[in-house]
Protein chains: 2
Amino acid sequence: MFKLSRMADYGVVVLSRMARQPGELVTAVEMAQRTGLPQPTVAKTLKLLTRGGLIASHRGVQGGYSLERAPEQVTVTEIITALDGPVALTACVEGSDDNCAVESLCPIRGHWERVNEAVKGALDAVTLADLTSAQEDAAINFGRPRAAKAAAPADA
Amino acid sequence: MFKLSRMADYGVVVLSRMARQPGELVTAVEMAQRTGLPQPTVAKTLKLLTRGGLIASHRGVQGGYSLERAPEQVTVTEIITALDGPVALTACVEGSDDNCAVESLCPIRGHWERVNEAVKGALDAVTLADLTSAQEDAAINFGRPRAAKAAAPADA
DNA sequence: TCAAATCAGGACCGCAATCGTCCTGTTTCG
DNA sequence: CGAAACAGGACGATTGCGGTCCTGATTTGA
């Protein structure tokens, strides 16, 4: 229950790595090497984070991604939102598709939103800095279910 | 993101319906008729709720299920836990399977747990009574994606 | 001006977990 | 003893997600 998506995990890993040298411009492949995650996935994650406004991208030969905001300014809510869409407990709440046919007369809806707010608040209270604080030198490679086969390039 | 499972939705629907007559003994098929949900699914939900200790079951000819606890005593956390397992944000936290190979040296882990607690607290604060309060007479049939075909028996 | 590097965006496929159903016991009452 | 109802688990379909790749746009440097 409640498992946040793999993408969100990757986002935290990538951002944590970037937080170590804020402002530095790193390419997607470089990032993949540093984190040990597969390149395409890292690239995708970086793109999502860019679209979410969490990092800045620079095209061209000497391009790359950079963390422009301070780690204390980046909340977990933002990370999750950028990678998985808005934080919402129930399909009922967003009402995006045809999820809830009788949405208008569903009285539970309002109550769920209250819970949603509380959850969102909890996630807002945690920043990237909080998640990064203790892992300065530790190897960052959690959250990979069973893909830990071919040993990571280990910074090659 | 965060979408809680369909089962949890069903659980709330069923429990809300039961909360209207606490102590009354209703069978699974009866419950299905009242809620408009398919019988097998309702039966499954009832079983899970029973196992979770949220309702009591009585076998035999005149058997059925009954809500023994007061609606104010039933928290959302309990409902979710009964139907979907423990509330945990990350695969990292539970550490049940081989999800996290480097769990022991993953420094992010502790921080996620903090978030987990906050989320759990938010869900603990909402009871079944809160979700039931306003829906005394409204038809309860949200959360059904596209299965709203054959109009519900409407209490037959 | 041209070529290389790098990001942007989307399409696509495969897997996995979930959802929903059903079947076979077990218990209780008439 | 038979019917009613719950208990528990097995099983198949489906949806969403995770992961990869391809094509285009943009910038830099020779």
Side-chain angles (χ1 to χ4, degrees), chain A residues 1-11 13-14 25-33 35 37-53 55-66 80 82-85 91 94 96-99 143-150, chain B residues 1-11 13-14 25-33 35-53 55-66 80 82-85 91 96-99 143-147 149:
Chain A
M1 177 64 228
F2 259 9
K3 265 191 331 223
L4 68 107
S5 75
R6 194 73 45 83
M7 282 291 120
D9 264 353
Y10 293 157
V13 171
V14 168
L25 217 57
V26 281
T27 69
V29 300
E30 211 168 2
M31 205 63 213
Q33 289 172 345
T35 57
L37 300 174
Q39 288 184 17
T41 300
V42 170
K44 188 177 194 173
T45 306
L46 261 344
K47 284 180 220 171
L48 269 302
L49 290 174
T50 302
R51 220 192 276 190
I55 57 179
S57 69
H58 296 273
R59 289 187 173 186
V61 177
Q62 283 292 83
Y65 295 93
S66 63
I80 293 178
L83 296 171
D84 290 328
E94 7 184 356
S96 46
D97 329 278
D98 57 338
N99 281 330
R144 287 178 303 169
R146 74 227 66 197
K149 37 196 167 196
Chain B
M1 176 66 228
F2 260 9
K3 264 192 333 226
L4 66 107
S5 76
R6 194 73 47 82
M7 282 293 119
D9 265 353
Y10 293 158
V13 171
V14 169
L25 216 57
V26 281
T27 69
V29 301
E30 212 169 3
M31 204 64 216
Q33 289 172 345
T35 57
L37 300 174
Q39 289 184 18
T41 302
V42 169
K44 188 178 196 173
T45 306
L46 260 346
K47 286 180 218 170
L48 269 303
L49 290 174
T50 302
R51 221 192 276 189
I55 58 180
S57 68
H58 296 273
R59 290 188 171 185
V61 177
Q62 282 293 83
Y65 296 93
S66 63
I80 294 178
L83 297 171
D84 290 327
S96 47
D97 328 279
D98 56 339
N99 281 330
R144 287 179 303 169
R146 74 226 68 195
K149 37 196 166 196

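These figures come from a predicted structure and were not determined experimentally. Below, each value reflects all heavy atoms present in this structure, side chains not excepted, and no hydrogens, waters or symmetry copies.
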Solution key, residues 42-52 of chain B side-chain donor-acceptor pairs under 3.5 Å, sequence neighbours excluded:
from     : atom 1 : to       : atom 2 : distance (Å)
Thr45(B) : OG1    : Thr41(B) : O      : 2.8
Thr50(B) : OG1    : Leu46(B) : O      : 2.8

*asked:* At under 4.0 Å between heavy atoms, how does the protein contact nucleotides 4-11 of chain C? Give one character per nucleotide, 5' to 3', with B, S or -.
replied: BBSBBBS-
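- For Glu30(A), the side-chain contact (heavy atoms from CB on, under 4.5 Å) partners are Val26(A), Thr27(A), Arg34(A), not counting sequence neighbours.
- Here the closest heavy-atom approach between residue Met7(B) and residue Asp84(B) is recorded as CB-OD1, 3.9 Å.
- Put simply, CE on Met7(A) is 17 Å from P on dG16(D), counting in whole angstrom units.
- Here the closest heavy-atom approach between residue Leu83(B) and residue Ala8(B) is recorded as CD1-CA, 3.7 Å.
- The phosphate of dG19(D) (OP1 or OP2) has a side-chain N or O of Tyr10(A) nearer than 4.0 angstrom.
- Atom pair Leu37(B):CG and dC19(C):C1' shows a separation of 13 Å (rounding to whole Å applied).
- Under 4.0 angstrom from either OP1 or OP2 of dG18(D) there lies no side-chain N or O belonging to Thr41(A).
- If you measure from atom CG of Asp9(A) to atom P of dC17(D), you get 15 Å, rounded to the nearest angstrom.
- Taking atom CG of Asp84(A) as the reference point, atom P of dG16(D) lies 15 Å away to the nearest angstrom.
- Using a 4.5 Å heavy-atom threshold, the side chains of Gln62(B) and Leu25(B) count as separate.
- Checking the phosphate oxygens (OP1, OP2) of dG20(C), a side-chain nitrogen or oxygen of Arg6(B) falls inside 4.0 Å.
- One interatomic measurement links the two molecules: CG of Leu48(A) to C1' of dG18(D), which rounds to 12 Å at whole-angstrom precision.
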